[in-house]
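Here is the structure we will look at, set down as structure tokens.
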Amino acid sequence: APEIYDIECIRKDGSQVWVEIRLAVIDWDGEQAIQGTYVDITERKHSESEKETAYQKLREQDRLYKTILDNAPGPITLMATDGRYLFANKAFADSLGLSIDNIVGKSGFDIWPNKIAAKYGERDQEILKTGDAKEVATAGTDSKGNKVHFAGNKIPIFDLNGEIMAISTVLSDVTKLREAETRVGRSEAQLRSILDNSPSEISLKDLQGRYVLVNETFLRQRGKTQETAISATIYDILSTEAADMVTMADQNVIKSGQIVTGEDTIILPDMSTIPVMWTKFPVYQSNGVMVGIGTISVNNAELRAALNQAQDANKAKQDFLANMSHELRTPMNAIMGFSEVMDMQLFGPLGNERYHQYAHDISRSAKHLLYLINDILDISKIEAGKHELIFTTMDLAIIVEECLRVLQGQMEQKGHRFSLTIDKAATSIVADEAATRQILINLLSNAVKFTPDHGDVQLDISSIGADRI
């Protein structure tokens with residue numbers, strides 16, 4: 001057989017040329033000779049070089065694509081139309097706990113349990129039939145036994161003739177997303193439970209006035225269902241006049257961004273009514289943009305009933321105080337009158353001077369009790385907002401002396417020593433006499449009450465500025 005050699009040669013002009021030399025042993029006139037054949041194969045060599053370069057580029061691209069696919073976070077596969085895996089990336093192999101070599105060339109029935117493989121096969125057959133891509137979602141466990149979720153697309157791959165030659169599956173790990181969705185769903189369910197079990201009417205409207213959330217109390221009191229309430233406006237529920245009032249309150253919240261409160265009456269489906277106290281408040285997104293108005297309406301029928309009951313009780317108290325004061329005034333006037341007659345000795349001397357002093361004290365004490373009776377009426381007037389102060393000029397020293405006479409018996413019983421200091425500038429004042437007397441008696445009574453036996457009680461009265469003492 002001839003020997004073949006490819007030799008690169010240099011021409012005289014310096015250009016390169018490839019020559020194929022074929023050497024063979026032949027018989028030449030009865031003697032052995034070597035026959036050499038020279039063929040210029042430069043073009044063939046250049047063509048082979050170009051092909052090798054192209055193949056090298058393809059190998060580099062294949063390696064690059066495989067590196068990219070193997071480092072993709074989600075599973076990626078390529079399956080032939082007969083169900084055999086032509087390619088699988090590392091994420092897919094890891095999700096199954098297999099090597100790539102144990103996947104490529106195998107069918108789904110070699111990898112999955114028959115029931116799962118049949119299910120996946122039905123999806124692939126549908127794609128082969130329709131030629132349309134399909135969204136898919138699946139779940140499994142990782143190598144550590146943790147549940148993982150994947151979602152993505154199955155995509156048909158077409159050849160140059162437009163025929164499907166393979167199916168590519170590209171998935172992403174959505175485990176964290178599914179876990180977040182589960183947490184959000186659980187939170188929404190809990191919030192919905194709280195809203196629907198609240199006795200208060202709760203609703204949320206967007207800035208256009210359409211309801212986007214209502215609770216069961218709202219539906220029950222308004223005679224609506226979720227289907228008829230959501231996206232409805234207040235004009236679909238109330239009369240135009242009543243709806244205008246609600247819309248005005250909503251606009252107030254939108255413009256001010258503040259909480260607004262008020263009272264209203266809800267007409268129930270059976271035409272009965274309930275009084276409510278409502279609170280409207282702005283609802284913001286996390287970026288601070290207002291997106292709606294929330295409303296909470298609380299049934300305050302019991303509160304109103306309690307208020308009416310308290311008002312009735314207060315009126316009964318005022319009537320009682322007025323009647324009691326009237327009944328006390330009659331004997332008190334008699335005591336005051338007779339004590340003043342005795343004090344003035346209109347029917348002759350009393351004999352002992354002490355009787356005269358006692359009669360004077362009885363008169364002063366009776367007047368004080370009358371002041372107290374009047375104060376009881378004054379309290380009723382204050383509660384009713386009708387109390388009026390009568391300002392007169394008075395000598396504060398005389399008022400103090402009268403108060404001391406009322407409390408003298410208590411101080412003597414406890415052995416108290418009393419001292420009084422009055423600023424000359426504070427002796428003459430303009431005030432309500434009854435109120436001033438009551439203030440002093442209250443102060444002195446507390447002093448006597450809380451001062452130990454044989455203690456000192458001291459009253460100092462001084463002026464502070466031009467109008468206060």
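If you read the sequence from its start, that first residue is 1, and numbering goes on from there.
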Do [X] and [Y] get their side chains close enough for a donor-acceptor pair, meaning under 3.5 Å?
X: Asp110; Y: Ser107; answer: yes
X: Asp206; Y: Tyr211; answer: no
X: Asn102; Y: Ser99; answer: yes

Would a 4.5 Å heavy-atom cut-off, applied to side chains only, mark [X] and [Y] as touching?
X: Gln410; Y: Leu407; result: yes
X: Val246; Y: Lys205; result: yes
X: Ile155; Y: Ile167; result: no
X: Met411; Y: Leu404; result: yes
X: Leu171; Y: Ile76; result: no
X: Glu126; Y: Lys134; result: yes
X: Asp456; Y: Thr451; result: no
X: Asn153; Y: Val136; result: no

Do you know the tightest heavy-atom contact between [X] and [Y]?
X: Leu207; Y: Gly292; answer: CD2-N, 3.8 Å
X: Ala359; Y: Met342; answer: CB-CB, 3.9 Å
X: Thr436; Y: Ala431; answer: OG1-CB, 3.5 Å
X: Pro156; Y: Gly131; answer: CG-O, 3.4 Å
X: Ala447; Y: Val457; answer: CB-CG1, 3.9 Å
X: Gln258; Y: Val253; answer: O-CG1, 3.7 Å

> According to the ring pair (Phe, Tyr, Trp, His ring centres under 6.0 Å) rule, which pairs have a member within residues 277-313, sequence neighbours left out?
Replying inline: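 Non-adjacent pairs meeting ring pair (Phe, Tyr, Trp, His ring centres under 6.0 Å): zero.
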>> Does this structure show an ion pair linking Arg405 with Glu401, if we count only N-O contacts that are shorter than 4.0 Å?
In response: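 Salt bridge flag = yes for Glu401 with Arg405.
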> Below 4.0 angstrom, N of the basic side chain to O of the carboxylate: do Arg178 and Glu181 qualify?
Replying inline: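 Judged by the 4.0 Å cut-off on N to carboxylate O distance, Arg178 and Glu181 do form a salt bridge.
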State whether the side chain of [X] and the backbone N or O of [Y] hold a donor-acceptor pair below 3.5 Å, judged by distance alone.
X: Thr295; Y: Lys280; answer: no
X: Ser198; Y: Leu195; answer: no
X: Asn197; Y: Ser193; answer: yes
X: Asn215; Y: Ser200; answer: yes
X: Asn89; Y: Pro75; answer: no
X: His416; Y: Pro452; answer: yes
X: Thr228; Y: Thr225; answer: yes
X: Asn442; Y: Ile439; answer: no
X: Asp395; Y: Ser428; answer: no
X: Arg417; Y: His454; answer: yes

Other residues, nucleotides and ligands only: do more than 12 of their heavy atoms fall within 6.0 Å of [atom1] on [X]?
X: Lys119; atom1: NZ; answer: no
X: Met394; atom1: CE; answer: yes
X: Gln309; atom1: CD; answer: no
X: Glu135; atom1: CD; answer: no

> Cation over ring, Arg222 on Phe218, under 6.0 Å and within 45°?
Replying inline: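 Yes, Arg222 sits over the ring of Phe218.
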> In this structure, which one of Thr138, Val174, Thr175 forms a side-chain contact (heavy atoms from CB on, under 4.5 Å) with Phe150?
Replying inline: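 That would be Thr138.
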> Parallel, tilted or perpendicular for Tyr120 and Trp112, by the 30°/60° rule?
Replying inline: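 Geometry flag for Trp112 against Tyr120: perpendicular rings.
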>> I need the full list of side-chain hydrogen bond (donor to acceptor under 3.5 Å, both in side chains) pairs touching residues 259-272, with sequence neighbours left out, sorted by first then second residue.
In response: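 Only Glu263-Arg304, Asp270-Ser272 qualify under side-chain hydrogen bond (donor to acceptor under 3.5 Å, both in side chains).
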> Considering residues at least two apart in sequence or located in another chain, which fulfil the salt bridge (charged side-chain N to carboxylate O under 4.0 Å, His left out) criterion with Arg192?
Replying inline: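 If we apply the salt bridge (charged side-chain N to carboxylate O under 4.0 Å, His left out) test to Arg192, skipping adjacent residues, the hits are Asp196.
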> Rounded to the nearest 0.5 Å, how far does NZ of Lys154 lie from CG of Asp124?
Replying inline: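 Result: 4.0 Å between the selected atoms.
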